[in-house]
Amino acid sequence: MRVRSALGRITLTTALALAGTAGTAAAGAPAHADAAPPPTITDDQGRTLILHGLNTASSAKGDSGLPWIDRDDVVREAREMGTDSVRYLILWRNIEPKPGQYDDAYLDEVAKRVAWYREKGMHVILDMHQDIYGPDACKGAGDGAPAWATITDGLPCTPQDPWVLTYLQPAILRAYDNFWNNTGKHPELMQRYTAMWQHVAKRFAKDPAVLGYDLMNEPFGGTRQFGFFEGPILTPFYQRIVDAIRKVDRDNWVFVEPEALGSNEGAESSIAPVEDPRPGTPRIVLAPHFYPGGVDLGGAYSGATKLLIQAQFALWKRNMPAAARRLNAPMWLGEVGGMGQDAPGAADFTGDWLSMADDLGIGWSYWSNDPGSTGVTDGKGNPTLFTKLLARPYARAIAGTPVKMSYSSPTLTVSWRNKAGVSGPTEIWFPSTPKVTSTDPAGKWRTAWDASRHVLSVWADPNTASHTVTVTQ
């Protein structure tokens, strides 16, 4: 849910409160947890995965439901930016154009593009995207739900500026209320959404590139918000989808997002734990977004605004890991960015959230790869400011329990501890031929450099409990 200004976000929150539809942020909210780190996303070798990637793409919100990219774009992204993952947008309206009738030709087109990422060894998270419910809820706004699942009861809607205020239009609120069955009239809508996800998971369960499924982009509760939405409505909704997916896919990760309103700026979330019925270690991931008011889509990261945004950094860094610990789930930053390259402080803001992600030991997916001032290429295909900033050295797979990862140009430092059952090397993406040192005893560790992928593999001394590797130019 990207906002054009802090005023837009504040206006939305205030309007909900005045309408009597918003609960307090504390309703059902947890007490602060201790500082123990949450679990991590792992691969089949047990290594911790740090996912760096792009959202692909806003252009998929069009009629075809497909992004603008071709195979060469994926190749270039992996080569120039070192991305190891993608948050790939798919749309309910394209998957299920009629109730219970699935467009498998559309999913075949998605699978063709997923194969491009598979060729580059990248992980794909399929994101069921929606904004402002769907294109039929308010003409000229929204994406996601099909027309048959858009029930506004004839209420009016006029697109607003900033666009986020469109969420308060009567038709939009009613469409969400009917979907969440707040009206008590349409339980079939969540049922159909759940069955649709099961169909998608069955289609991609065996695709080695698909790491997991992001169940709903930026959920919005209609006339029920915060603790009155996340605990009693959103969490059981996620649970039903997870249960359905596990009947056809026992292994892929499932990504659940908190309510966007508030959480995007660092407010506490009251989302409750989602149980994973798969045998063994649960594979549920908390996937919040970060869009601080005042910086998003044309804002600035300077002066008094910067101080406000830094306060939101502190809140997000406290509250989102606390929610992940409460869920006993790994965390992944599913969307972040949205600032134009010419906006004051764009480089500093990007550097600060990248450092925050490193400090938390989490991966991220930048919004987005669409050409333009906020993307990684401009309208002429030239790299933007963000291309260089996001091409950040990092450990993409860590053979143990991560302790610390920090980057200060031109040096990357990675520390980890041994963990039982982990195999394979630690893999580090670095943009140039590296110089490597380790705290392991001389002769007890080794490296290999893949110049074509810019990937450094490090085999640590198995008899040393903790390892720190320093990589520099």
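Both backbone and side-chain heavy atoms feed into the values below; hydrogens, waters and symmetry mates do not.
Remark: aromatic rings of W353 and F290 are distant, center separation not under 6.0 Å. Taking the six-membered ring where the residue is Trp, the centroids of F179 and F237 are separated by under 6.0 Å. For H123 and W332, the ring centers are positioned 6.0 Å apart or more.
The residues R47 and D44 are annotated as not salt-bridged, no charged nitrogen and carboxylate oxygen being separated by less than 4.0 angstrom. Taking the charged nitrogens against the carboxylate oxygens, R76 and D73 do have a contact shorter than 4.0 Å, which makes a salt bridge. With respect to K120 and E77, no salt bridge is recorded, no charged nitrogen being found less than 4.0 Å from a carboxylate O. Between D127 and R87, at least one side-chain nitrogen of the basic residue sits less than 4.0 Å from a carboxylate oxygen of the acidic one, meeting the salt-bridge criterion.
Donor-acceptor pairing under 3.5 Å is recorded for the side chains of S365 and N55. In this model, no donor atom of one side chain and acceptor atom of the other lie less than 3.5 Å apart for T183 and D177. Side chains of S269 and E230: a donor on one and an acceptor on the other come within 3.5 Å. Side-chain contact annotation: D104 with H199, donor-acceptor N/O pair under 3.5 Å present. With 3.5 Å as the limit, one finds no donor-acceptor pair spanning the side chains of W316 and Q312.
Ring orientation note: the planes of H129 and W367 are close to parallel, at an angle under 30° on the 30°/60° scale. Taking the six-membered ring where the residue is Trp, H289 and Y291 present perpendicular rings, their angle passing 60° and hence far from 30°. The aromatic rings of F386 and Y366 sit tilted relative to each other, their planes meeting at an angle between 30° and 60°. Ring pair W92/W148 is perpendicular by interplanar angle, where above 60° counts as perpendicular and below 30° as parallel.
The nearest pair of heavy atoms linking S85 to I125 is CB-CD1, 4.5 Å. In terms of heavy atoms, F228 sits closest to I233 at O-CD1, 3.8 Å.
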>> Using the rule given for side chain to side chain contact (heavy atoms under 4.5 Å, CB included), can you reason through L234 versus W180, listing the C-alpha separation, both sets of side-chain angles and the distance that settles it, and then say yes or no?
In response: CA-CA 8 Å; L234 184 61; W180 300 118; 3.9 Å; yes
> Hey, mind stepping through T152 and Y133 against side chain to side chain contact (heavy atoms under 4.5 Å, CB included) and telling me if it holds?
Replying inline: CA-CA 11 Å; T152 64; Y133 194 78; over 6 Å; no
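Scanning for side-chain hydrogen bond (donor to acceptor under 3.5 Å, both in side chains) contacts around D358 gives R392, with sequence neighbours left out. Here D108 pairs with R203 under the salt bridge (Lys or Arg N to Asp or Glu O under 4.0 Å) rule; sequence neighbours left out.
Each of K206, R246, R278 was scored for a side-chain hydrogen bond (donor to acceptor under 3.5 Å, both in side chains) with D251, with one residue passing: R278.
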